[in-house]
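Okay, structure first, notes after.
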Amino acid sequence: MRENDAVTSATRQPGTPSAALRPRLIATDLDGTLLRDDKSVSPRTVAALAAAEEAGIEVFFVTGRPARWMGVVSEHVHGHGLAICGNGAAVVDLHGGPGAHRFVEVRELARENALDAVQSLRGSAPGTVFAVEQTYGFHQEPSYPKLHMEIPDNLLPAEELLAPDGPDADQPVLKILAYHPELDPDAFLTLARLAIGRRANVTRSSPSALLEISGPGVSKASTLALCCAERGISHEEVVAFGDMPNDLEMLTWAGRSYAMGNAHPDVLAAASGRTVANNEDGVAIVIEELLA
């Protein structure tokens with residue numbers, strides 16, 4: 001895999017109707033999709049994932065989560081052991097278990113691009129606060145709220161966190177997080193995309209006004225397309241599941257896609273199919289139908 005190169009298009013291309021092809025890969029988001037609201041994987045879902053792998057269909061978890069939060073599904077990655085984390089910023093081998101994962105590929109956000117994004121949002125949306133996600137570290141500004149399930153490694157202004165000599169400067173930046181305490185989440189996303197332009201990819205997966213900012217061209221879809229190209233799998237042979245705006249590119253790239261019953265309205269409009277909500281085992285139901 002070559003970093004940020006146009007190896008494989010993440011735009012759906014005309015081809016054989018996907019419904020006529022047996023799927024070779026299932027790509028599923030985690031939070032709000034595969035996982036129930038209590039962050040568990042139901043027994044029915046565990047059985048469906050195992051059945052898909054036994055039938056020769058690879059299952060890829062494609063998530064905005066960092067690698068260190070993958071313990072909840074690390075025992076379900078089966079033979080290949082791989083997951084796409086950070087909205088496409090990293091391909092991770094989870095075989096070692098929690099805390100012992102290995103980064104197979106990193107598509108980093110250049111620090112200069114990250115700083116540009118911070119400065120743009122400070123000007124366009126005063127009151128925005130930031131956190132920085134790296135391969136093995138998490139840092140945040142002192143005023144960034146407690147949104148995540150961990151204690152940050154450092155509390156510093158984003159400009160210091162992203163400086164060439166900042167904390168963990170030897171580690172790639174996977175994404176930055178931008179939070180606004182007052183703006184509507186979708187309005188904040190639109191504003192940020194206009195302000196930042198092509199210097200970074202901006203999306204969101206939280207119900208709050210929390211944005212996730214990655215390198216230019218980095219998305220779940222583009223990294224999934226690279227992984228599929230390495231395996232000789234076409235987009236028509238991929239079935240994808242998701243619920244939030246950070247899933248949109250992946251859902252429109254895959255040959256078949258399913259929005260969860262609890263999905264964001266844009267996701268419901270973009271997916272080629274719909275299943276029931278995450279708490280009702282929507283992913284498992286579709287997999288069972290695919291294997292029937």
Side-chain angles (χ1 to χ4, degrees), residues 8-21 23-35 59-65 84-89 175 184-194 196-198 200-214 216-228 233-287 289-290:
T8 302
S9 171
T11 302
R12 185 185 294 177
Q13 302 295 326
T16 305
S18 58
L21 292 175
R24 294 179 59 195
L25 187 142
I26 291 168
T28 179
D29 172 54
L30 293 181
D31 296 283
T33 300
L34 188 83
L35 302 181
V59 177
F60 261 69
F61 300 127
V62 188
T63 178
R65 286 183 171 223
I84 295 172
C85 298
N87 290 328
K175 64 180 179 180
D184 170 81
D186 286 328
F188 189 30
L189 176 60
T190 299
L191 181 154
R193 285 175 169 171
L194 290 172
I196 294 170
R198 296 184 178 181
N201 188 56
V202 187
T203 190
R204 77 176 188 88
S205 61
S206 170
S208 65
L210 176 66
L211 306 182
E212 301 163 68
I213 303 171
S214 306
V218 175
S219 68
K220 290 185 176 186
S222 62
T223 301
L224 177 62
L226 290 167
C227 291
C228 287
I233 296 174
S234 69
H235 75 89
E236 294 99 335
E237 298 171 299
V238 176
V239 177
F241 298 87
D243 73 305
M244 287 296 282
N246 65 329
D247 298 312
L248 282 168
E249 294 96 335
M250 178 175 74
L251 296 175
T252 54
W253 176 79
R256 274 180 278 181
S257 59
Y258 292 86
M260 308 305 293
N262 52 288
H264 186 282
D266 290 349
V267 174
L268 291 169
S272 60
R274 186 181 298 189
T275 185
V276 297
N278 61 317
N279 284 334
E280 302 172 67
D281 297 330
V283 173
I285 288 171
V286 174
I287 292 175
E289 292 173 350
L290 291 173

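Note that the numbering runs from 1 along the sequence shown for the chain.
- Among residues two or more places apart in sequence or in another chain, the side chain to side chain donor-acceptor pair (under 3.5 Å) test is passed with Ser234 by Glu236, Glu237.
- Remark: Lys175 pairs with Glu212 by the side chain to side chain donor-acceptor pair (under 3.5 Å) rule, at least two apart or across chains.
- By the salt bridge (Lys or Arg N to Asp or Glu O under 4.0 Å) test, Asp184 is found to be paired with no residue, residues two or more places apart in sequence or in another chain being considered.
- In this view, Asp281 and Arg36 satisfy the salt bridge (Lys or Arg N to Asp or Glu O under 4.0 Å) rule, not counting sequence neighbours.
- By the 4.5 Å heavy-atom criterion applied to side chains, Leu25 and Leu224 are counted as neighbours.
- Applying the side chain to side chain donor-acceptor pair (under 3.5 Å) rule to Asp186 yields the partners Arg204, His264; only residues at least two apart in sequence or on another chain are considered.
- In this view, Asp243 and Asp29, Thr33, Asp247, Met260, Asn262, Ala263 satisfy the side-chain contact (heavy atoms from CB on, under 4.5 Å) rule, not counting sequence neighbours.
- Here the side chains of Asn278 and Leu34 are not in contact, with every heavy-atom distance at 4.5 Å or above.
- Looking only at side-chain heavy atoms (C-beta outward), Phe61 and Thr28 come within less than 4.5 Å of each other.
- Nearest heavy atom pair, residue Leu248 against residue Ala270, reads CD2-CB, 3.6 Å.
- When all heavy atoms of Ala271 and Ser257 are compared, the pair lying nearest together is CA-OG, 3.3 Å.
- Using bins of under 30°, 30° to 60° and over 60° for the plane-to-plane angle, the ring pair Phe241/Tyr258 lands in the parallel bin.
- Under the side-chain contact (heavy atoms from CB on, under 4.5 Å) criterion, Arg193 pairs with Leu189, Val202, Thr203, sequence neighbours left out.
- The heavy-atom pair separating Arg256 from Pro23 by the smallest distance is NH2-CD, 3.3 Å.
- Of all non-hydrogen atoms in Pro207 and Pro185, the two that sit nearest each other are O-CG, 3.4 Å.
- Here the shortest heavy-atom pairing between Thr275 and Gly282 reads OG1-O, 2.9 Å.
- When the side-chain contact (heavy atoms from CB on, under 4.5 Å) test is applied to Ser208, the partners found at least two apart in sequence or on another chain are Tyr179, Ser206, Leu210.
- A donor-acceptor pair is defined here as one N or O able to donate and one able to accept, closer than 3.5 Å; such a pair exists between the side chain of Ser222 and the backbone of Gly217.
- Here CZ of Arg65 is found 5.5 Å from CG of Leu35. Values are rounded to the nearest 0.5 Å.
- Remark: Asn201 pairs with no residue by the side chain to side chain donor-acceptor pair (under 3.5 Å) rule, at least two apart or across chains.
- Across every non-hydrogen atom of Lys220 and Gly64, the tightest pair is CE-N, 3.9 Å.
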